[in-house]
Amino acid sequence: MKQHNSRKIETGIFIFIIYLLILFSIILSSILFSNKYEKTLIHAYGVRVESIAKSVAMNISIFPSRIEELYKMSIEDSRNTEDTKLFKEIVNPYLTDDIEYIYFEVYLPMDKVKYFVTDIESDDYGVPTNTPLRYFYVYTSEDETDYTDKMRFDVYNSTRQIAYETEGPVHMYFENSLWGRYITGYAPYFDDNGQFIGLLGVDVNADTLYYTIQNQKLGLFVIISILALALAIIMYHLYNSLNKAPYTDELTQFHNSNYIHPVVNKMLNKDHSNQFIGCILMNIDGFKEINREYGYRFGDLVLVETASLIKNLSKGNKEIVFIRTKDDEFLILFTYNNNISPLNVYVKPLYELLKDYIIVDSIPILVSMTSSVVLFEKNLITVDKLLEYSNYAMAKAKESNRGRWEVFDHNRFTQFELRKDRLKAIPTILEKNLLYPVFQPIVDAKTGSIFGYEALSRCVHNLYINNIQSLVMDATSIGQQNSLEKLMFKNIIDYYQAYSHTLPNIKLFINESARNFFSRSEYKELFSRIDTDNIVIEITEYEEIDYSEIMNKIRALRSLSCRVALDDFGVGYSNIYTLLSVTPDIIKLDSSLIRDIDKDKQKLKMVGYIISYAKDVDIKVLAEAIETSEELECLLSLNVDYLQGYFLGRPDFRFKEISEEARNIILNQNSKQDYSCSRNLMSLNSSQQ
């Protein structure tokens, strides 16, 4: 009879799975059909719009010189020129019921960008803060009477960018944009010399297309719903005609994994004084080795004896649930209140029991177990989260050592999840170049004039905004550091090249980690468009490296007339040995030596020694991270060469001058040779004595 019932259950489950597969196939087929049709229809509209754009492009004449003139005008002035009126006359016959706008636009180089998306605009545009507005609308059929100048620009768009890069036609479908649903087609425009100028754009209202697609989806949804309801009724009757799936593990007589969701849901929903839920996930260490050495029958006996030990924890408490989740893993579930300590009541006694050998077939076996412990308020957790947290804590416990337990740490888990999201974002950041450079002034301590700028990179991706160091470390951990630094280099060089004619003899400091080794040919390619006499490469050591490799790097840089600076000098791996081995042109004192130097006599002496030695060997010293006027005055009294820090000027995408307050301090102190910092410290020393 028992065997008959078992076969009946297996048959019922099989039929149930068949029905689920049929239902899944029907739903999936409908979705795929709908998506394919939708894409086909959108593509057909897109091709039509591209064709219209091509026709318009063949009938207009646009001169690059006029673009520059219009770019400098306000919207009101630019829309009243003869060229603009002529453009509207030419495109007017093309404007039909569904074609709303026809326009001509150009893609702006970085030095032409005027605006960046603000915090307030970020949600409206659907892009991160500081995304540049790169597309300039030259001519348009649209009425722009009420527009502001800023509305002549648009945010960076990856699909549209394809048209600029390939100089070919393209179309896009926007369903949830600021302007509603529409399809845009682009066609390239070339002047009489075959020079690509910009794109001719045509916008088509896509509401009719949208409602056609939605009606078809609604029809499919009704059909699928009716079919699903019929299948649900059949499966309901089938379920009632069969016994429920067994919840017992035959070997240990614990519950099996089928019982996890029902029992946890029951615990979460039960209304009593126990407000917390606990979960202990236990894994037998080296169980595969036991099976391999003694055989599977012996392994089963070990599981039975181990389950018997674990069961001792119940102490008659019927609300504790024991589950064997898989071969060598057990789960203990319980609820509790603030009156007990779960670790003292359940976890520690269990590990006390495991200290002794168990006898299996007259063979003494010492069972070692690694466990994870999750403790949560019931209203803050679900079944799936409880299991996810348990498995995460188990992985951390196994990383540390076998035979121990790990209590789930929610803060560490949150950081773990955040880092996973960040790592997933890195390919997108590299592919779409979501980086831009900023520049912080470096000042000559003698004259107060700008000596150079340190180029730093910033990321517009929301996971790395104001967190560029995390981006560098994450990229390094997945082998993308070289690609990231190359992209940073390229952005910096592109921007610097655009403005280098306004910055004669101004040095550009660029950070590079000591571990990242560009070849001489790579350096030559990166610096091919600028004067390398003005380039200073800052080498940063985050870990110990081979100094022969650093020297090869420095030789390659100096062969291209670049200077070399040793960053973060005075801490970590950047020390006296590095200074002697590398012999840089400039050393940058680490911020830890600069912070509060006016109040710390040890720092004062240390920095004084470094500056004195550097002058003897003809090495310049740059003090960075200066944040107060007192620190600045103290460093000036020590005769440092160059200065940098927030007090003088913060990083900015423009090449800015230093603050007037900082300049006055430099000029005044140099004129008076005021050594008040040293006197103040001497006074401080005397008072301490």
Side-chain angles (χ1 to χ4, degrees), residues 2 6 246-260 263-264 267 277-336 340-375 386-409:
K2 184 177 180 181
S6 177
Y247 287 128
T248 303
D249 175 56
E250 294 182 1
L251 181 64
T252 63
Q253 296 306 301
F254 279 4
H255 294 294
N256 61 23
S257 57
N258 296 330
Y259 196 57
I260 295 176
V263 72
V264 175
M267 287 179 166
I277 188 167
C279 171
I280 305 173
L281 183 64
M282 312 182 67
N283 186 270
I284 299 177
D285 298 327
F287 186 69
K288 290 182 179 179
E289 286 78 3
I290 293 175
N291 277 334
R292 187 162 48 245
E293 185 171 349
Y294 297 101
Y296 289 100
R297 176 185 170 278
F298 186 86
D300 287 346
L301 294 175
V302 170
L303 289 172
V304 172
E305 291 296 326
T306 304
S308 179
L309 279 175
I310 295 172
K311 190 80 178 225
N312 288 332
L313 290 177
S314 66
K315 298 176 182 178
N317 186 347
K318 295 182 179 180
E319 292 200 4
I320 298 180
V321 180
F322 300 93
I323 299 173
R324 182 187 173 201
T325 56
K326 54 187 180 183
D327 285 349
D328 58 350
E329 194 169 82
F330 299 95
L331 190 67
I332 304 173
L333 295 165
F334 54 89
T335 58
Y336 66 99
I340 71 165
S341 167
L343 295 180
N344 291 331
V345 174
Y346 298 114
V347 181
K348 292 179 181 178
L350 176 63
Y351 275 80
E352 285 296 321
L353 292 172
L354 293 172
K355 285 183 178 180
D356 298 327
Y357 286 88
I358 61 174
I359 306 300
V360 180
D361 267 2
S362 302
I363 300 175
I365 293 290
L366 184 62
V367 177
S368 170
M369 302 195 79
T370 301
S371 307
S372 64
V373 183
V374 177
L375 306 170
L386 193 67
L387 297 176
E388 182 182 7
Y389 294 164
S390 296
N391 288 323
Y392 170 78
M394 175 66 78
K396 289 299 175 186
K398 288 185 175 181
E399 283 177 9
S400 302
N401 196 7
R402 285 183 170 187
R404 69 179 297 274
W405 72 79
E406 178 84 12
V407 179
F408 174 75
D409 185 330

- Message: Working note: Ile284 + Phe330, criterion side-chain contact (heavy atoms from CB on, under 4.5 Å); need CA distance, chi angles, decisive distance, verdict.
- Response: CA-CA 9 Å; Ile284 299 177; Phe330 299 95; 4.0 Å; yes
- Verify side-chain contact (heavy atoms from CB on, under 4.5 Å) between Leu281 and Asn391, making sure each step is shown before the conclusion. CA-CA 8 Å; Leu281 183 64; Asn391 288 323; 3.4 Å; yes
- Show your reasoning for whether side-chain contact (heavy atoms from CB on, under 4.5 Å) applies to Leu331 and Cys279. CA-CA 7 Å; Leu331 190 67; Cys279 171; 3.3 Å; yes
- Can you check side-chain contact (heavy atoms from CB on, under 4.5 Å) on Glu406 and Val373, steps first, answer last? CA-CA 6 Å; Glu406 178 84 12; Val373 183; over 6 Å; no
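In this structure, the separation between CG on Leu375 and OH on Tyr346 is 11.0 Å, given to the nearest 0.5 Å. Once rounded to the nearest 0.5 Å, the distance linking CZ of Arg324 with CD of Glu250 reads 10.5 Å. Atom NZ of Lys311 sits about 11.0 Å away from atom CD1 of Ile332, to the nearest 0.5 Å. Here the CD atom belonging to Glu329 is positioned 10.0 Å from the OG atom belonging to Ser371, to the nearest 0.5 angstrom. Atom CZ of Phe322 is separated from atom NE2 of His255 by 10.0 Å, given to the nearest 0.5 angstrom.
Judged by distance alone, the side chain of Tyr351 and the main-chain N or O of Met369 form a donor-acceptor pair under 3.5 Å. Put simply, the side chain of Thr252 gets close to the backbone of Phe254: a donor and an acceptor are under 3.5 Å apart.
Using modelled atom types and a 3.5 Å distance limit, the side chains of Ser372 and Tyr389 yield no donor-acceptor pair. One side chain, Thr370 or Asp285, offers a donor N or O that lies under 3.5 Å from an acceptor on the other.
Contact of the Val345 side chain with the Phe334 side chain is not registered, since no non-hydrogen atoms from C-beta on lie closer than 4.5 Å. Residues Lys348 and Trp405 form a side-chain contact, since some pair of their non-hydrogen atoms from C-beta on lies under 4.5 Å apart. Using a 4.5 Å cut-off on side-chain heavy atoms (C-beta onward), Val367 and Tyr357 make no contact. Val321 has its side chain within reach of Met267: a pair of non-hydrogen atoms, C-beta onward, lies under 4.5 Å apart. Between Met282 and Leu350 there is a side-chain heavy-atom pair separated by less than 4.5 Å. Under the 4.5 Å side-chain criterion, counting only non-hydrogen atoms from C-beta, Ile323 is not in contact with Asn256.
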For residues 296-306, tabulate all N or O donor-acceptor pairs below 3.5 Å that involve a side-chain atom, not counting sequence neighbours.
| unit_1 | atom_1 | unit_2 | atom_2 | d |
| --- | --- | --- | --- | --- |
| Arg297 | NH1 | Asp361 | OD2 | 2.9 |
| Thr306 | OG1 | Val302 | O | 2.7 |

